[in-house]
Amino acid sequence: MIFENFTFENPNWFWLLLSIPLAVFWYFKKRQQQTATLKISSTQGFTKSTLAQLRPLLFILKMLALVFLTIAMARPRTVDVTTKVKKTEGIDIIMAVDISASMLARDLEPNRLEALKKVANNFVNGRPNDRIGLVIYAGESYTKTPLTSDKSIIINALNDLDYTQNIEGGTAIGMGLATSVNKLKDSKAESKVIILLTDGENNAGFIDPITATQLATEYDIKTYTIGVGSNGMALSPVGIKPNGQFEYRNVEVKIDEALMKTIAESTGGKYFRATDNEKFQAIYEEIDALEKTEIEEFKFYNYDEKYRFFLIIAGALLFLEFLLKHTLFRSFV
């Protein structure tokens, strides 16, 4: 019999089946000794009894009974496993993204901002149990998407990210961080995290990055900072042509890594540098691994014992062997 999720509680009993070949050998070895013999000059006039030929059936019944009895003692049973998942308090995450014109630099493929969109999408899709929000900043900052568990909203907001002249130019790191803290300070989540990304230096805004860092520390908000840009020179937009397209030139990459490290270390986070697309992806994978939401999983096992079926068969076979031995085969054993 084959059942789904079929198990044996005491499988060691199957070692008993090794005695069957020994029993068979013993039976055929001693068979002649168990049979009475008579020497006569001729066997003519004697017919071979059909019952005598069927006498080994008694032994076969015993062996079959032993097989089924062994299976019964091994405690066959089916198990139905029910899993219940209890989600603990998740993590609230704000992604603060620099969308200044320099994010269009082409040292990442096809540019820094598009590379960010791809890895951030993967990150969001891998966080089904967390709430995520999006803050964008350049010379000023604002909330693109508040904290939400609806990942499609975040994905759409990320895909819509682009450089715009409607936001003041520059890089206000302190403003981006402060706005993110404001979105998380009243959160009841077990863990609160900011992922702050920039490709430049703080040169705009009216909130100092150190002040914003102190706020993050006060509200127990961990901040991971990411500096985006290759080492050396990068093909970056430096102006707009009459036709409305950007004019690109090689510009030195300047990231205030000292500031980014200070922000991360002060809040219990970590600083990363994304110099190419592969490194960018690896950074988000590392953050994803560092910030895991705990899930409690409860499993309930419902066992259905099957040994009775095999025990009944073993008993029936032994009863049949006893009955045949003392009736039909009585004269031959």
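A 6.0 Å sphere centred on NZ of Lys117 holds more than 12 heavy atoms belonging to other residues, nucleotides or ligands. Crowding of Phe319 atom CZ: a count of heavy atoms from other residues, nucleotides or ligands under 6.0 Å not exceeding 12. Residue-environment remark: CZ (Phe322) stays at or below the threshold of 12 foreign heavy atoms within 6.0 Å. Residue Lys279 places its NZ atom among 12 or fewer non-hydrogen atoms of other residues, nucleotides or ligands, all under 6.0 Å distant.
Counting only distance, with no hydrogens or angles, the side chain of Asn125 and the backbone of Asn121 share a donor-acceptor pair below 3.5 Å. At least one donor-acceptor pair closer than 3.5 Å links the side chain of Lys192 to the backbone N or O of Tyr219. Using a distance-only test at 3.5 Å, with no hydrogens or angles considered, a donor-acceptor pair links the side chain of Asn203 to the main chain of Thr171. No donor-acceptor pair closer than 3.5 Å links the side chain of Lys306 to the backbone N or O of Thr7. Panel note: side chain Thr262, backbone Ala258; a donor-acceptor pair is recorded below 3.5 Å. Of the possible donor and acceptor atoms, none in the side chain of Lys144 sits under 3.5 Å from a partner among the backbone N and O of Tyr142. Side chain of Asp98 to backbone of Leu197: no donor-acceptor contact under 3.5 angstrom is found. Checked by atom type and distance alone, the side chain of Arg273 pairs as donor or acceptor with a backbone atom of Gly229 at under 3.5 Å. Side chain of Thr179 to backbone of Gly176: no donor-acceptor contact under 3.5 angstrom is found. Remark: the backbone N or O of Leu16 is paired with a side-chain donor or acceptor of Ser19 at under 3.5 angstrom.
Using a 4.5 Å cut-off on side-chain heavy atoms (C-beta onward), Ile132 and Leu147 make no contact. You'll find the side chain of Tyr163 stays beyond 4.5 Å of the side chain of Ser100, heavy atoms only. Within the 4.5 Å cutoff, the side chain of Leu104 has heavy atoms near those of the Phe246 side chain. At least one side-chain heavy atom of Leu116 sits under 4.5 Å from a side-chain heavy atom of Val97. Within the 4.5 Å cutoff, no side-chain heavy atoms of Ile94 are placed close to those of Thr143. Residues Lys270 and Ile287 fail the side-chain proximity criterion, which asks for heavy atoms closer than 4.5 Å. Using a 4.5 Å heavy-atom cutoff, the side chains of Ile173 and Leu196 are in contact. Side-chain contact between Phe272 and Thr225: absent, with no pair of heavy atoms (C-beta onward) separated by less than 4.5 Å.
Linking ILVMFWY residues whenever their side-chain heavy atoms come closer than 4.5 Å, directly or via other members, places Leu259 and Ile194 in the same cluster. Follow the hydrophobic side-chain contacts under 4.5 Å out from Ile99 and you never reach Leu177; the two are in separate clusters. Hydrophobic clustering (side-chain heavy atoms under 4.5 Å, transitive across Ile, Leu, Val, Met, Phe, Trp, Tyr) groups Ile195 together with Leu290. Grouping the Ile, Leu, Val, Met, Phe, Trp and Tyr side chains by contacts below 4.5 angstrom, directly or via other members, places Phe8 with Leu66.
Once rounded to the nearest 0.5 Å, the distance linking CD1 of Ile263 with OG1 of Thr223 reads 7.5 Å. Considering CG of Leu134 and CD1 of Ile153, their distance stands at 12.0 Å, rounded to 0.5 Å. Considering CG of Leu324 and CG of Leu61, their distance stands at 6.5 Å, rounded to 0.5 Å.
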Asp208 and Asn202: side chain to side chain donor-acceptor pair (under 3.5 Å), yes or no, with the steps?
-> CA-CA 9 Å; Asp208 182 71; Asn202 186 72; 5.3 Å; no
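Below 30°, between 30° and 60°, or above 60°: for Phe123 and Tyr284 the angle between ring planes is above 60°, a perpendicular geometry.
Salt bridge status for Lys241 with Glu247: absent, with no side-chain N to carboxylate O gap under 4.0 Å. In this structure, Glu218 does not pair ionically with Lys185, as no charged nitrogen and carboxylate oxygen lie closer than 4.0 Å. In summary, Arg131 and Asp92 engage in a salt bridge, as defined by a charged side-chain N under 4.0 Å from a carboxylate O. Comment: Asp199 engages Arg112 in a salt bridge, judged by a side-chain N to carboxylate O separation of less than 4.0 angstrom. In this structure, Lys254 does not pair ionically with Glu201, as no charged nitrogen and carboxylate oxygen lie closer than 4.0 Å.
Stacking of Arg106 on the aromatic ring of Tyr248 is recorded, both the 6.0 Å distance cut-off and the 45° axial limit being met.
The two residues Ala212 and Val181 make their nearest non-hydrogen contact at O-CG2, 4.2 Å. Contact between Lys222 and Glu291 at its shortest, heavy atoms only, is NZ-OE2, 2.9 Å. Across all non-hydrogen atoms, the minimal contact from Ala96 to Ser180 is CB-OG, 3.4 Å. Of all the heavy atoms in Thr145 and Ala157, the pair that sits closest is OG1-CB, 3.2 Å. The shortest heavy-atom contact between Leu184 and Val193 is CD1-O, 3.5 Å.
A donor-acceptor contact under 3.5 angstrom links the side chains of Glu285 and Gln281, judged on distance only. Of the N and O atoms on the side chains of Asp288 and Asn122, not one donor lies less than 3.5 Å from an acceptor on the other residue. In this model, a donor atom of one side chain and an acceptor atom of the other lie less than 3.5 Å apart for Asp150 and Ser152.
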